[in-house]
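Read through the structure below, which is laid out as structure tokens, and then see the notes.
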Amino acid sequence: PTAAASGGGASGLGTVGTGTIGGGGGTTAGRPRVTPLVVAALIANRADEVGLATCCVNTLHVKLTTLADTPAYAKTLSHLATMEIAEIVLPDTAATSRLAHALVDGVGNSAGNG
């Protein structure tokens, strides 16, 4: 999917698509390799602190992270680049924020969709 912010609907959340889900191919110790399906939810405040929650749907591993970032959100983008994120969820109130624009520009381009 292309990296673009979309409206929320009933959940009140918008998403930024970052890449394909599934696939992967290959085997690991005789078992098919499963590409981790990671969903990330982000929120930022006026001080450019970012709250990040990630959940690996395959293992149900949840990680909560807080980043003190810059207005360009370089730390957040670098942190997200270390994971294979399938989808990023933002609240509707953040749809036009600097964070949303940084995600579309940074994550969308790194996923080869921009």
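With contacts defined as side-chain heavy-atom distances shorter than 4.5 Å, the pair Leu37/Cys56 does not qualify. A heavy-atom distance below 4.5 Å is found between the side chains of Val89 and Val39. At least one side-chain heavy atom of Leu103 sits under 4.5 Å from a side-chain heavy atom of Ile88. You'll find the side chain of His79 reaches within 4.5 Å of the side chain of Leu67, heavy atoms only.
The two residues Ala95 and Ala100 have their closest heavy-atom pair at O-CB, 3.4 Å. Among all heavy-atom pairs drawn from Thr54 and Ala40, the shortest one is CG2-CB, 3.9 Å. The two residues Ala102 and Ala72 make their nearest non-hydrogen contact at CB-O, 3.9 Å.
Checking Val50, Leu80, Leu42 one by one against Tyr73, the side-chain contact (heavy atoms from CB on, under 4.5 Å) holds for a single residue, Val50.
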For a side-chain contact (heavy atoms from CB on, under 4.5 Å) check, start with the C-alpha distance between Leu90 and Leu99, then their side-chain angles and the critical distance, and finish with the verdict. CA-CA 9 Å; Leu90 297 169; Leu99 176 60; 4.2 Å; yes
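Distance check, rounded to the nearest 0.5 Å: CD of Glu87 to SG of Cys55 gives 12.5 Å.
Judged by distance alone, with hydrogens and angles left aside, the side-chain atoms of Ser78 form no donor-acceptor pair with the main-chain N or O of Lys75 at under 3.5 Å.
Applying the side chain to side chain donor-acceptor pair (under 3.5 Å) test to Asp69 and every residue at least two apart in sequence or in another chain returns Thr76.
Under a hydrophobic clustering in which Ile, Leu, Val, Met, Phe, Trp and Tyr are joined whenever their side-chain heavy atoms come within less than 4.5 Å, directly or via other members, Leu77 and Ile43 fall into different clusters.
Legend: side-chain hydrogen bond (donor to acceptor under 3.5 Å, both in side chains) pairs involving residues 57-66, not counting sequence neighbours: none detected.
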